> 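Below you'll find the structure I mean.
Quick caveat: nothing in here was measured; it's all calculated off a predicted structure.
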Amino acid sequence: FAIYEREIRDLIRCLAPHKIFGIEAWNEANVIYEWQDDFDVLLKMQRILWDAVKLHSPSTLVLSPSTTSWDFDFFHKFKILCAYHTRVKS
């Protein structure tokens with residue numbers, strides 16, 4: 001994840017002066033042919049994005065990965081994983 005982290009930090013640093021309202025880590029993450037990894041990887045990407053945004057553009061909203069529809073199973077899995085990692089990290 002080192003290359004992804006460096007690229008995201010550089011991108012956010014460049015965009016920060018333009019007053020970004022919100023940014024999303026991954027669009028349509030529930031589409032199997034678009035996203036072929038697991039939730040742990042998605043969460044790691046989300047955390048890297050969150051850290052970079054809060055460092056360089058603290059007022060920017062960090063949005064959750066979106067889905068193509070009302071995919072409640074995806075939302076539930078992502079919510080559970082986020083809650084677990086939040087407790088483990090703190």
> Who passes side chain to side chain contact (heavy atoms under 4.5 Å, CB included) against Phe1, sequence neighbours left out?
Val41, Lys44, Met45, Ile48
> Provide the closest heavy-atom pair for Ala25 versus Gln46 in the form atom of the first, atom of the second, distance.
CB-OE1, 3.1 Å
> What are the two closest heavy atoms between Pro17 and Cys14, and how far apart are they?
CD-O, 3.4 Å
> Can you tell me how far the CH2 atom of Trp50 sits from the CG atom of Leu55, to the nearest 0.5 Å?
13.0 Å
> With Glu7, which residues qualify under salt bridge (charged side-chain N to carboxylate O under 4.0 Å, His left out), at least two apart?
none
> If the condition is salt bridge (charged side-chain N to carboxylate O under 4.0 Å, His left out), which residues does Arg13 pass it with, not counting sequence neighbours?
Asp10
> Using the test side chain to side chain contact (heavy atoms under 4.5 Å, CB included), find all partners of Leu61 that sit at least two apart in sequence or belong to another chain.
Phe21, Leu63
> Can you find a pair of side-chain heavy atoms, one from Leu49 and one from Glu24, that are under 4.5 Å apart?
no
> Could you work out, with side chain to side chain contact (heavy atoms under 4.5 Å, CB included) as the rule, every residue matching Thr60, not counting sequence neighbours?
Ile20, Ile23, Val53, Ser57
> Say you draw a straight line from CD1 of Ile12 to CG of Asp51; how long is it, rounded to the nearest 0.5 Å?
11.5 Å
